[in-house]
S.K.: 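Here's a structure for you.
For clarity, every value in this text was computed on a predicted model and none was experimentally measured. Any value given below was found using the heavy atoms of this structure, including those in side chains, with hydrogens, waters and symmetry copies removed.
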Amino acid sequence: MGLFDKLDKPVFLKEESDTVEYIAKLKALQTKTSGTLKERIDREIKFASIGEFGENNIAFELKNSGMPMYILRDIHFNTGELSTQIDYIVVTRKITFVIECKNLIGNIEIDNEGNFIRSYELYGKRIREGIYSPITQNQRHLEILRQIKKETKSNQILKMMFDKYFDENYKSIVVLANPKTVLNARYAKKEIKQMVIRADQLNQYIKDVYNNSKQPTINDKEMKKHAEGL
């Protein structure tokens, strides 16, 4: 921490989420439908509501981290034909953490090939289904973020330096925010296990990665400028 650095707690630069508006629109549509379509909307409302609850859990954890950091929630990026939405970006004095929040119904299994399988009960039916890997999803977020930030560099040397140190400066985390979810990752590869954590482990994870990082420490002004730029 620099001599003139005074920030000693987490600060939200953007805390609102688009999910609340999305759920409201679904509920308005729900009243005008019936049959199979209504069941699909009911299911989507349930999933979206659980997702919103999970994101709020992460917000609570970050607010109580006790670390100087800037937090951005529900950020949308576009570059060319590519677009992405990131649940949370946490900017610290060393590392920027890109967080994918998963507040999933039911239990999650990760097999030895890295596939994610979800099991849950809905309307009395037991459902087991594969889901898109949140690790792959967050890596896509990171790649788009890399492209956008790289485009802001003024010359080829700065672009090359940014690429070289990107993986050390930006870290991906998948957070399971539902405390009732049971994670079975006994057959998953070690590197997969290390990328998926529970919400109650988030603050300690950030602190451990931060303390073990050899990246240079930026001051409060630089940290805020980086967060506001995002």
S.K.: Show every donor-acceptor pair shorter than 3.5 Å between a side-chain atom in residues 222-230 and any protein atom, with sequence neighbours excluded, or say none if there are none.
M.R.:
residue : atom : partner : partner atom : Å
Glu222  : OE1  : Asn219  : N            : 3.0
His226  : NE2  : Thr96   : OG1          : 3.0

S.K.: Can you tell me which residue pairs pass the ring pair (Phe, Tyr, Trp, His ring centres under 6.0 Å) test with a partner in residues 139-166, sequence neighbours excluded?
M.R.: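 Found Phe162-Phe166, Phe166-Tyr170.
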
S.K.: Could I get the full list of salt bridge (Lys or Arg N to Asp or Glu O under 4.0 Å) partners for Lys38, not counting sequence neighbours?
M.R.: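 Expected list: Asp42.
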
S.K.: Can you confirm whether Val174 sits close enough to Ile197 that some side-chain heavy atom of one is under 4.5 Å from a side-chain heavy atom of the other?
M.R.: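 Val174 does not reach Ile197 side chain to side chain.
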
S.K.: Could you tell me which non-hydrogen atom of Ile95 sits nearest to which non-hydrogen atom of Ser213, and how far apart they are?
M.R.: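 Reported closest heavy-atom pair: CD1-CB, 3.6 Å.
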
S.K.: Using the salt bridge (Lys or Arg N to Asp or Glu O under 4.0 Å) criterion, which residues pair with Lys32? Sequence neighbours excluded.
M.R.: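 If we apply the salt bridge (Lys or Arg N to Asp or Glu O under 4.0 Å) test to Lys32, skipping adjacent residues, there are no hits.
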
S.K.: Can you list the steps and then say if Lys150 with Glu143 is a salt bridge (charged side-chain N to carboxylate O under 4.0 Å, His left out)?
M.R.: CA-CA 10 Å; Lys150 186 176 178 180; Glu143 185 53 39; over 6 Å; no

S.K.: Dump the intermediate steps for salt bridge (charged side-chain N to carboxylate O under 4.0 Å, His left out) on Arg73 and Asp87, then the final yes or no.
M.R.: CA-CA 6 Å; Arg73 179 178 179 178; Asp87 293 330; over 6 Å; no

S.K.: Are Leu202 and Tyr210 co-members of a hydrophobic cluster defined by side-chain heavy atoms under 4.5 Å apart?
M.R.: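 In one cluster: yes.
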
S.K.: Under 4.5 Å between any side-chain heavy atoms of Arg140 and Glu100, yes or no?
M.R.: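 Counting from C-beta outward, Arg140 and Glu100 never come under 4.5 Å.
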
S.K.: Are the side chains of Leu13 and Ile71 in touch, meaning some heavy atoms are under 4.5 Å apart?
M.R.: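 Contact flag for Leu13/Ile71 side chains = no.
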
S.K.: Go through the structure and list residues passing salt bridge (Lys or Arg N to Asp or Glu O under 4.0 Å) with Lys63, not counting sequence neighbours.
M.R.: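 Here the qualifying residues are Glu15.
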
S.K.: Are Glu109 and Arg128 packed together at the side-chain level, in the sense that at least one heavy-atom pair is separated by less than 4.5 angstrom?
M.R.: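 The answer is yes, as the side chains (C-beta and beyond) meet within the 4.5 Å cut-off.
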
S.K.: Would you say Lys9 has more than 12 foreign heavy atoms packed within less than 6.0 Å of its NZ?
M.R.: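 Not more than 12 within 6.0 Å, no.
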
S.K.: I'd like to check the side chain to side chain contact (heavy atoms under 4.5 Å, CB included) partners of Glu151; sequence neighbours left out, ordered by chain and number.
M.R.: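 Checked Glu151 against side chain to side chain contact (heavy atoms under 4.5 Å, CB included); matches are Thr79.
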
S.K.: Can you name the closest pair of heavy atoms from Ile86 and Phe77 and give their distance?
M.R.: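 That would be CD1-CE1, 3.7 Å.
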
S.K.: Counting C-beta onward and ignoring hydrogens, is there a side-chain heavy-atom pair between Arg198 and Val175 closer than 4.5 Å?
M.R.: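 Contact flag for Arg198/Val175 side chains = no.
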
S.K.: Is there a donor-acceptor contact under 3.5 Å linking the side chains of Ser119 and Asn107?
M.R.: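 No, because no side-chain N or O of Ser119 sits under 3.5 Å from a partner of the opposite role on Asn107.
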
